[in-house]
> 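So that we are looking at the same thing, I have put the structure below in structure tokens.
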Amino acid sequence: MSDSTRRYEIGYALAPKKQQSFIQVSLVNLAKERGIDLIRIDADKPLVDQGPFDCILHKLSGEEWKKQLQDYSSKNPNVFIIDPPDAIERLHNRISMLQVVSELKIPQENETFGIPKQVVVYDFETLLDPAALEGLRFPVIAKPLVADGSAKSHKMSLVFNRDGFSLLKPPIVLQEFVNHGGVIFKVYVVGDYVKCVKRKSLPDVSEEKLGSSESSLSFSQISNLTIQDRNDGRYYETMHLEDAEMPPLSFITDIARGLRQAMRLHLFNFDVIRDARVGNHYLVIDINYFPGYAKMPCYETVLTDFFWDIVHKKEAVGLVKEEKPEMGSDCRRMPSGEIKLASNTCCSDGDHGALPLSPLSLELEEKESTVQIWEQ
């Protein structure tokens, strides 16, 4: 079959809610135009009886699903799995997810980065022990230890004093809240493609407010406010999202590339805040696998380019393996740094700055990857 008539099938296994938000008609149709068919995988049937697929895209969990992927992969070694279950599971724990940030070896010159001071608490007795939490300053954000995307994992609290601990349910992570101007930067990663957006976050906490506040404030996500806060016009009077300076493009790109390679993941986003006390210091506070990409302008083009690149790169690597078996190339184990996207030039509205990444070691194509930063 000639390349012009060759079609590629990507099987997707997603929870109903994720499928509804991600598999939009616009994405399906654009992929079809590029010769890529998105096929739903029936989770109620054995995976080995479905297909054949060139690639499997998934966001399911559990030992049974993991075993099905392993069985399918062993019988179909050329199928690209996005992404390895073991790598995804690292992001289900809020301690291990940020540990990778601390391990990144990226030159830090004008801008620096890190993670907030945090401690994990497994039982209520430890939570009430002042000595166990010594060195942790209020306010703190209490987050469930498990970050599996469930509604429960998003329930958090901003705790102003020890009285607020009485309402918490371990195991939890206590993370120091850092004033950041009420702005959070959400960085979306799709292979080599990176987008950074500005969104409103929790407002700064002054010393006066800290001393006179209630014990805690509940919210669902760092970029979401309680109903009371949303109805408080005074909060928005202090917010000037358009005035917030974006992080340097190359700096964010370096972090994204480092995380992608260290975590062996292609689809994720991470949340970054700028420490108000040190204007050039940034903190990564959360990492999520396979986020809500449909919120991005032109997400259909970005994802279709990614799919196109994956299936064609897989095919090319397969040819190299046949010709040079001593190279030991295995597409499923190919470092994510060797996957690059076709140039993305869809929506220029709201895009600010484009930076082509340096050529990658696998010289199968000469297209440049594009990284863009845009505002909400």
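We're numbering straight along the sequence, starting at 1.
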> Taking the basic N atoms (NZ, or NE/NH1/NH2) and the acidic carboxylate oxygens, is any pair closer than 4.0 Å for R34 and D309?
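Salt bridge between R34 and D309, a charged N being under 4.0 Å from a carboxylate O: no.
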> Between V194 and A256, which heavy-atom pair has the shortest distance, and what is it?
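Taking every non-hydrogen atom into account, CG2-CB, 3.7 Å.
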> Rounded to the nearest 0.5 Å, how far does OH of Y293 lie from SG of C298?
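Between atom SG of C298 and atom OH of Y293 there are 15.5 Å.
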> Compare all side-chain heavy atoms of I82 with those of F306 and state whether any distance is below 4.5 angstrom.
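SC-SC contact between I82 and F306 confirmed.
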> Between R257 and D192, does any side-chain N to carboxylate O distance fall below 4.0 Å?
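Looking at D192 together with R257, the answer is no, because their closest N to O distance does not fall below 4.0 Å.
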> In Å and rounded to the nearest 0.5 Å, what is the CG to CG distance from L303 to L267?
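Interatomic distance, L303 CG to L267 CG, rounded to 0.5 Å: 7.0 Å.
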> Please, which pairs that meet side chain to side chain donor-acceptor pair (under 3.5 Å) have at least one residue in residues 275-288, sequence neighbours excluded?
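Of all non-adjacent pairs touching residues 275-288, those that pass side chain to side chain donor-acceptor pair (under 3.5 Å) are T112-H281, N269-N288, R274-Y282, D275-R277.
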> Check L98, V100, L265 against L91 for a side-chain contact (heavy atoms from CB on, under 4.5 Å) and give me the one that passes.
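Among L98, V100, L265, the one that satisfies the side-chain contact (heavy atoms from CB on, under 4.5 Å) with L91 is L265.
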> List the atom of V284, the atom of I115, and the distance in Å for their closest heavy-atom pair.
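Looks like O-CG2, 3.7 Å.
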> Where do K195 and Y193 land on the side-chain hydrogen bond (donor to acceptor under 3.5 Å, both in side chains) test, with the steps shown first?
CA-CA 7 Å; K195 282 184 179 286; Y193 195 83; 3.1 Å; yes
> Going by heavy atoms in the side chains, are I39 and F53 under 4.5 Å from each other?
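Of all side-chain heavy-atom pairs linking F53 with I39, at least one is under 4.5 Å.
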> What distance separates L127 CG from F124 CZ, expressed to the nearest 0.5 Å?
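Reported to 0.5 Å precision, the distance equals 6.0 Å.
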> Would you find a donor on one side and an acceptor on the other, under 3.5 Å apart, between the side chain of D129 and the backbone of A131?
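Between the backbone of A131 and the side chain of D129 there is a qualifying donor-acceptor contact (under 3.5 Å).
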> Could you tell me which residues satisfy salt bridge (charged side-chain N to carboxylate O under 4.0 Å, His left out) with D71, sequence neighbours excluded, listed by chain and number?
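D71 satisfies salt bridge (charged side-chain N to carboxylate O under 4.0 Å, His left out) with K67 once adjacent residues are dropped.
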> Could you report the tightest heavy-atom contact between P130 and L128, atom names first, then the distance?
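Where P130 meets L128 most closely, the heavy atoms are CD-O, 3.2 Å.
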> Can you confirm whether the side chains of Q175 and K143 place a donor and an acceptor under 3.5 Å from each other?
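There is such a pair between these side chains.
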> Any side-chain heavy atom of I56 sitting closer than 4.5 Å to one from I10?
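A side-chain contact under 4.5 Å is absent here.
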> Would you call F268 and I287 a side-chain contact if the rule is heavy atoms closer than 4.5 Å?
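SC-SC contact between F268 and I287 confirmed.
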> Can you sort out the partners of L60 under side-chain contact (heavy atoms from CB on, under 4.5 Å), two or more places apart, ordered by chain and number?
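Expected list: A13, A43, W65.
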> Heavy-atom count check: over 12 atoms from other residues, nucleotides or ligands less than 6.0 Å from R137 CZ?
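Not buried by this count: 12 neighbours or fewer within 6.0 Å.
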> For E103, does the CD atom have more than 12 heavy-atom neighbours from other residues, nucleotides or ligands under 6.0 Å away?
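More than 12 within 6.0 Å, yes.
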> Do you know which two heavy atoms are closest between K198 and M246, and how far apart they sit?
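Distance-wise, the nearest heavy atoms are CG-SD, 3.0 Å.
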> Compare all side-chain heavy atoms of I88 with those of H58 and state whether any distance is below 4.5 angstrom.
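Side-chain contact under 4.5 Å: yes.
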> Can you run down the side chain to side chain donor-acceptor pair (under 3.5 Å) pairs that involve residues 79-98, sequence neighbours left out, and say none if there aren't any?
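Listed once each, the pairs are K66-D86, D83-H266, D83-Y289.
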> Judged by atom type as modelled, is there a donor-acceptor pair below 3.5 Å linking the side chain of Y188 to the main-chain atoms of F270?
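No, because the side chain of Y188 does not come within donor-acceptor range (under 3.5 Å) of the backbone of F270.
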> Test salt bridge (charged side-chain N to carboxylate O under 4.0 Å, His left out) on D54 and R6; report intermediate values, then the result.
CA-CA 12 Å; D54 294 284; R6 166 80 157 99; 2.9 Å; yes
> Sequence neighbours left out, what passes side-chain contact (heavy atoms from CB on, under 4.5 Å) with T126? Give chain and number order.
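Testing T126 for side-chain contact (heavy atoms from CB on, under 4.5 Å), a comparison that skips the adjacent residues, returns V121, D123, A132.
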> Could you name each residue pair satisfying side chain to side chain donor-acceptor pair (under 3.5 Å) that touches residues 12-32, not counting sequence neighbours?
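Passing the test, one end in residues 12-32: S26-E300.
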> Under the criterion side-chain contact (heavy atoms from CB on, under 4.5 Å), which of L27, V190, T304 is the partner of Y299?
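So, applying the side-chain contact (heavy atoms from CB on, under 4.5 Å) to Y299 and each of L27, V190, T304, only L27 qualifies.
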> Does some side-chain heavy atom of V183 sit less than 4.5 Å from a side-chain heavy atom of K200?
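Side chain of K200 against side chain of V183, heavy atoms only: no contact under 4.5 Å found.
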> Any donor and acceptor pair, going by atom type alone, linking the side chain of R7 with main-chain N or O of D37 inside 3.5 Å?
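Here the side-chain-to-backbone pair does not exist.
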> Under a 3.5 Å distance rule, please check whether Q108 uses its side chain to pair with a backbone N or O of F113 as donor and acceptor.
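Looks like yes, one N/O pair under 3.5 Å.
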> P144 versus K152: any side-chain heavy-atom pair under 4.5 Å?
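Sidechains of K152 and P144: no contact.
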> Which atoms form the tightest heavy-atom contact between Y72 and P52, and what is the distance?
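Smallest heavy-atom distance, with atoms named: OH-CA, 3.9 Å.
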> Taking atom CD of Q70 and atom CD of E63, what is their separation to the nearest 0.5 Å?
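Going from the CD atom of Q70 to the CD atom of E63 covers 8.0 Å.
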> Determine, using ring centers only, whether F165 and F138 are less than 6.0 Å apart.
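Aromatic pair counts; centres sit under 6.0 Å.
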> Determine whether a donor-acceptor pair (N or O, by modelled atom type, separation under 3.5 Å) exists between the side chain of S73 and the backbone of L69.
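Such a contact is absent between S73 side chain and L69 backbone.
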> Out of V159, L133, I141, V120, which residue meets the side-chain contact (heavy atoms from CB on, under 4.5 Å) rule with L174?
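Exactly one pass, corresponding to L133.
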> Decide yes or no for I184 and L202: does some side-chain heavy atom of the first lie under 4.5 Å from some side-chain heavy atom of the second?
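In short, these two side chains do not touch, never coming nearer than 4.5 Å.
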> Heavy atoms only: give me the nearest V48-K75 pair and the separation to one decimal.
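Closest pair (atom of V48, atom of K75, distance): CG1-CD, 4.2 Å.
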> Using the ring-ring contact (aromatic ring centres under 6.0 Å, His included) rule, take H312 and Y8 through it: C-alpha gap first, then chi angles, then the decisive distance, then the call.
CA-CA 9 Å; H312 283 78; Y8 300 90; 4.9 Å; yes
> Assigning hydrophobic clusters by single linkage (Ile, Leu, Val, Met, Phe, Trp, Tyr; side-chain heavy-atom cutoff under 4.5 Å), is I95 placed with F177?
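No, separate clusters.
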> D148 side chain to S153 main-chain N or O, any donor-acceptor pair under 3.5 Å?
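Side chain of D148 to backbone of S153, a donor-acceptor pair under 3.5 Å: no, none is there.
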